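Inspection log for the structure reproduced underneath, given as structure tokens.
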Amino acid sequence: VVLLAGCNGGTVDRHALTNDTATLDSIASDGALLAHNAARGKTTINFTREQAKALKIQASNFADALAKRSALASIKQRVRAKAKDASTLAAVLDRLQEDPSDREVATAAEQELSKLGGCP
Amino acid sequence: VSKVFGLALGILAAIGGFVDIGDLVFNTAAGATFGYELAWVIPIGVLGIIVYSEMCGRVAAVSGMAVFDAIRERVGFKAALGALVSSEVVNLMTLACEIGGVAIALQLLSGLPYRWLILIAVVAFVVIIWVTSFEWIERLFGYGGLCMLVFAVAAVKAGPDWAEVGKGFVPHIAQNDPALYLYFVIGLLGAAMTPYEVYFYSSGGVEEEWGPKDIGMNRANAIVGYGLGGTLSIALMIVGATVFLGHGISPEHLGTIALGSGDTLGKFGLLIALVGILFAVGGASIDTVFAGAYNLAQFCGWEWGRYRSPRGAPRFTLTWFVLLVLAMGIVMTGVDPVVLTEYAVIFSVVALPLTYLPILLVANDRAYMGRYGNGRLANVLGVIYLVVIMVVAVTAIPLLILTNTGQN
């Protein structure tokens, strides 16, 4: 699962961290776009729930992998910080999944996810 | 009326075969990563599949030979066995991706559990193939898949910079990350010229008993059908560029691709996109499972075809059933269909030369083709594409490794 999530195995080096960071930003931005559309009634409840769930699982896999994998000493702190970011991301997506019809939840999720993803 | 039905074969091949999960993934991801810079690859891929589909359709119409008949006769047993094994492996991978794609589309529409939907999809395919005629399968998936046109509407409504889109059709190499750029070039070509399309197309022509009088219809099928598919590929790339690139999104889920339409056209656009994906990927599942059964039956010299009853072609029937069950088993393991799609497309590129070379040889053989053999234009294009395919086949795996499956 870790491999398929694009996390690679083994020790996290700078290159892997850069890739994982980019993927996490993409997941957050993807979630922000979903929340943006959900907040404006442009999605269905089923779609919002299932899409948020898919993104949440991806973020959770990253959170687990980044928290557990060994990392180069010079970047260990950054790797663990990314693991926390991934957990936060998963938690926000979980709220969206649990309340797919609530536009206020979606609006709040959009703001948080935009911030996490560094959306323009 | 029969001409309209004939064209349905082309529409099915275009929507169900051309726009499959591979096209959805690679075209949208290419737009989201490089904007319109890779647009030039799409017409090249579309022309390639038109050239070879027209050729294999003509061979089917004149000689009654489908692609694997030609392969078996032309490249010898060992090479044909190699082609069979590689094509069946790629077909099975592709089928698993398509079934997974159907289940994901159903899940996004219904909210039901994914694994149950995989089972439901496979049972539905068995029932449809068993009880429905070839014509009705064409109609069901061909016309249902036309919902994919919503992506063309979304692409226009998204308001791309058409001058930039136009510039994308001028072939060039991107300065930014050329290895990843070339990986996408290969993926886009592979998605456009995937081998199962010609297996299905030529065998469908034999099933429909095309004769020399149908050569004009075959040409129209190939040009209109695949041309339509190519337009949709461009639309997917534009949606990827306009909706996802600016947000920094790398679309790794089918739901994200559908959201590209929803973001532009609202809830209705989202639903139509999901239905379109369902039918396009469902049609591609049928094409792929038939292609796998056709290949094995033609290689072994068995009775084959949907125009025979299941009892009339028992080993052919057993083959498509087993392929469906095996593909279901693969998807049930939990493998991500989108990730698997990338591998399936890249591996299919490696199998391309063994598929297309025999078609070119037979289409040039006057003993089979008489006065319907390749003309100068078909030969020039055929040889150029064969060279392109060989170069692409050799570089596909190294680029897959070098770019970490396009992740870099």
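Since we're looking at a predicted model, the values are computed, not measured. Residue numbers begin at 1 in each chain, while the letters A, B, ... track the order of the sequences.
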Task: Chi angles and distances behind the side chain to side chain contact (heavy atoms under 4.5 Å, CB included) call for B:V243, A:L33 - done: CA-CA 9 Å; B:V243 179; A:L33 184 68; 3.9 Å; yes

TODO: Return the option, out of B:G262, B:A32, B:S110, with the maximum number of heavy-atom pairs under 4.5 Å with chain A.
DONE: B:S110

Does [X], at its [atom1] atom, have more than 12 non-hydrogen atoms belonging to other residues, nucleotides or ligands within less than 6.0 Å?
X      : atom1 : answer
A:R40  : CZ    : yes
B:W162 : CH2   : yes
A:K82  : NZ    : yes

Please classify the contact of [X] with chain A as side chain, backbone, both or neither, using a heavy-atom distance under 4.5 Å.
X      : answer
B:F244 : side chain
B:L265 : neither
B:I104 : neither

So how far is it from [X] [atom1] to [Y] [atom2], rounded to the nearest 0.5 Å?
X      : Y      : atom1 : atom2 : result
B:L259 : A:T48  : CG    : OG1   : 8.5 Å
B:Q107 : A:N46  : CD    : CG    : 9.5 Å
B:L108 : A:T44  : CG    : OG1   : 8.0 Å
A:Q51  : B:L254 : CD    : CG    : 9.0 Å

Task: chain B contact via A:I27 - side chain, backbone, both or neither, heavy atoms under 4.5 Å - done: neither

Open item on the list: Using heavy-atom distances under 4.5 Å, tell me whether A:D30 contacts chain B through its side chain, its backbone, both, or neither.
Closed with: both

Task: Nearest non-hydrogen partners of B:G255 and A:F47, listed with the distance - done: O-CZ, 3.2 Å

Task: Minimal non-hydrogen separation, B:S250 against A:S26, with atom names - done: N-OG, 2.8 Å

Open item on the list: With heavy-atom distances below 4.5 Å as the criterion, would you say the side chains of A:L55 and B:H253 are in contact?
Closed with: yes

Open item on the list: Are B:H247 and A:H36 packed together at the side-chain level, in the sense that at least one heavy-atom pair is separated by less than 4.5 angstrom?
Closed with: no

